Amino acid sequence: MNYRTHTCGQLRREHVGQTVFLQGWVHRVRDLGGVTFFDVRDRHGLTQVVVRAGADGASAAKLRPEVVVAVHGYVEARDASVVNSKISTGDIEVVATGVEILNEAKTPPFPINEDVAVLEETRLRFRYLDLRRPALQRNLILRHKVAIAARRYFDEEGFLEIETPILTRSTPEGARDYLVPSRVHRGEFFALPQSPQIFKQILMIAGLDRYFQICRCFRDEDLRADRQPEFTQIDVEVSFATEELIYEIVEGATRSMWTAAGFDVALPFERITYADAMRLYGSDKPDLRPGMPIADVSGLFAESPFTVFRDAVTSAGVVRGFVVAGGGKYSRKELDDLTEQVRQMGGSGLIWTRVIQGALQSSALKAAGEAPLRQAFDAAGGQEGDLLLMAAGPSDKMATLLGNLRLIVARKAGLLKPDEFRFVWVTNFPLFEWNPDDARWDSMHHPFTSPMPDDVAYLESEPGRVRARAYDLAVNGSEIAGGSIRIHRPDVQRHVFRLLGISDEQASARFGFFLEALEYGTPPHGGIAFGLDRIIAILCGESSIREVMAFPKTAQAVDLMSGAPSTVDDRQLRDLHIQTVASPGTKGD
RNA sequence: GGGGUCGUAGUUCAGUUGGUUAGAACGCUGGCCUGUCACGCCAGAGGUCGCGAGUUCGAGUCUCGUCGGCCCCGCCA
């Protein structure tokens, strides 16, 4: 035998009597003197090995955690009194006839053989050891299963997986590009793709019909728990598509991924317009699990003696709030804490109102009077024992503020169950959003998004009124996919470029090849891209995508294991015609 | 770029108003132990309190700066 006969999670009672050869890492050693037990571990599980006096090979003394061993032996049934029901191989043990140390191991900087919390900095520096622990292995295994399920689904639906370039052309819109200097062309640069957007549209022009790709994308922006500089999308594009066709395809793909992770998904998904999502939930990726829609009660306070509310309404702002079921029992301290959080989010304050045994209590009872507060409480759907939380100010600001407060309260109340999935399509996004810094309109999605046919008339007169044929898929407050029906007519595309402040000359310079391609018979098409890292994090119950990536970077975009990024030889810089202006370790300006 | 938070033994943590030689558990090293499975028992080693200034008779503790991890805002078509 020169390779292992079984994995460490494989042996059962039925193997009793067989001669086996296992290899793996020493998990834990129990040296009783005359007999030594140890567990040998690989990613499949643990198997107990018994080393009795007289076994060949390494002495028990050399067995330490994380040493790599090869075990020759035979499978023996465990006596009923010593069965270990905690491990899958607990009915048996392997009696060693020989144990060979294949490789020594230093004492690890943190325990591999128990699930203890370790500083993330240490985990990232020794990522290979962290990855040896079951928690990350579970996540990566699930990631593999979900990715395979997605591939199988798209294959069965007639999609072709086609690779697109990593070395591409920089386009100034959107996120900052990662640049790669060209050695051959002095002073010129490739950009790493923020997404394969233009390439996949060109594949539609080419007649490939249905494309998908599990692809890496790169954006040089600041990091978050759910944002890394390189991340993975499941990129999809469909010719002759309508919104309904995309929804159908995406819902099927989503179900196949959730099923691979062991969850059921009911189809079709709910839908909400962007305007309603912002109004009712204060978010363009609403978490529908807790209910608690936000109500607008501005009309009740237009002439209120309570100046905070009245002033908000008369200056084109709003008074909005939501009901916390059973929140009437919140203590004064809890209410003060919530008010403080509202202030930290930039709100002027928080007004609470509750009804206890029919009596209305409110922090604005004297200032606003009981009648309008009672009307507001009823209008928001409050019942006996409930709590109404209200804030006043500009509409946009109140939407996001109350949206965030709603999630804080919902989390506090335990209403965000991690294994309850509420999918929702967010539709009817605006095509443009006003950019006050540059005093112009920007694409909300991207400049290739088609306007709604009914709104084309407003492209010139009221760009802010034009809705896009764009859609996002959200689940539990996370955006997990986003896409659109694209512009397939070159004249419309040029028109949109012009509205975005991109002249025909600039458009030709940057996107000339694409505009030209559009003129050679472009089918109507549309698509979407899933954020695979976020999906896996949700399915694993992890709050950061770092926990579902093998080698993530820190918030400062550094790989603590490899030390990237790093300085390079002068020779390399010379080849690339690059001169640096800041010395290593100093911050540029 | 801004705000918050954390940094003490290999790991997880404790450390009083600023006061003697900085502790615990686990891990590690040595010894004992023939049915353990978080084995047990005995003994031992292990610290630039992130780093640098400052205040003070005296700093893990207070101040300032700095480095790093994490979270958030900006940013992310």
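Worth knowing before you read on, the calculation uses all heavy atoms, side chains too, and leaves out hydrogens, waters and symmetry mates. Every value quoted in this text rests on a predicted model; they were computed, and no experiment measured them.
Closest contact between the side chain of Arg546(A) and the listed nucleotides U36(B), C71(B), A38(B) involves C71(B). Nearest nucleotide to the Arg52(A) side chain, out of C70(B), G35(B), C71(B): G35(B). Taking every side-chain heavy atom of Glu121(A) into account, G68(B) is the closest of G68(B), C71(B), G35(B).
Heavy atoms only, all atoms of each residue included: Phe432(A) and Pro463(A) are closest at CD1-O, 3.5 Å. Considering all non-hydrogen atoms of both residues, Gln233(A) and Ala529(A) come closest at OE1-CB, 3.4 Å.
When the side-chain nitrogen and oxygen atoms of Lys106(A) are compared with OP1 and OP2 of C28(B), none of them lie within a distance under 4.0 Å. Proximity of Arg28(A) to the phosphate of C39(B): a side-chain N or O atom is located under 4.0 Å from OP1 or OP2. For Arg30(A), no side-chain nitrogen or oxygen approaches OP1 or OP2 of U34(B) to under 4.0 Å.
Nucleotide G1(B) holds its P atom 9 Å from the CD atom of Gln556(A), rounded to whole Å. Look at NZ on Lys553(A): it is 17 Å from C1' on G69(B), rounded to the nearest Å. Between the C1' atom of C37(B) and the CZ atom of Phe38(A) lies a distance of 13 Å, rounded to the nearest Å. Atom-to-atom, CD of Gln341(A) to P of G4(B) comes out at 16 Å; the value is rounded to the nearest Å. Between the CG atom of Asp31(A) and the C1' atom of A38(B) there is a distance of 16 Å, rounded to whole Å. Here the P atom of nucleotide G35(B) and the CG atom of Asp79(A) are 13 Å apart, to the nearest Å. Per the geometry, CG belonging to Asn435(A) stands 13 Å off C1' belonging to G74(B), to the nearest Å. For Glu114(A) and A38(B), the CD to P distance is 11 Å, given to the nearest whole Å.
For the pair Arg486(A) and Phe448(A), the cation-pi criterion (under 6.0 Å, within 45° of the ring axis) is not fulfilled.
Judged by distance alone, the side chains of Asp559(A) and Ser562(A) do bring a donor and an acceptor atom under 3.5 Å apart. For the residue pair Asp177(A) and Ser170(A), a side-chain donor N or O sits within less than 3.5 Å of a side-chain acceptor on the partner. Side-chain polar atoms of Glu460(A) and His495(A) form a donor-acceptor pair below 3.5 angstrom. For the residue pair Arg467(A) and Thr273(A), no side-chain donor N or O sits within less than 3.5 Å of a side-chain acceptor on the partner. Looking at Thr89(A) and Gln48(A), their side chains never bring a donor and an acceptor atom within 3.5 Å of each other.
A distance below 6.0 Å separates the ring centres of Phe497(A) and Phe511(A). The aromatic ring centres of His488(A) and His525(A) sit 6.0 Å or more apart.
Across all strands, Glu93(A) comes closer than 4.0 Å to base atoms (heavy-atom distances). Among the heavy atoms of the strands lying under 4.0 Å from Asn84(A) is at least one base atom, whether or not backbone atoms are also near. Counting non-hydrogen atoms under 4.0 angstrom, Ser195(A) reaches a base of the nucleic acid.
In terms of position on RNA chain B, the residue among Thr107(A) and Ile87(A) whose nearest nucleotide sits closer to the 5' end is Thr107(A).
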Reading nucleotides 5-14 of chain B from the 5' end, what letters show protein touch, with B for base, S for backbone sugar-phosphate only, - for no heavy atom under 4.0 Å? -----SSS--

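The nucleotide G30(B) finds its pairing partner in C42(B), both defining distances of the Watson-Crick or G-U wobble pair being shorter than 3.5 Å. Figure legend. G54(B) is base-paired to C62(B); pairs are counted as Watson-Crick or G-U wobble with both atom distances under 3.5 Å.
At a non-hydrogen distance threshold of 4.0 Å, Arg219(A), Glu221(A), Asp222(A), Arg224(A), Ala225(A), Arg227(A) from residues 215-232 of chain A come into contact with RNA chain B.
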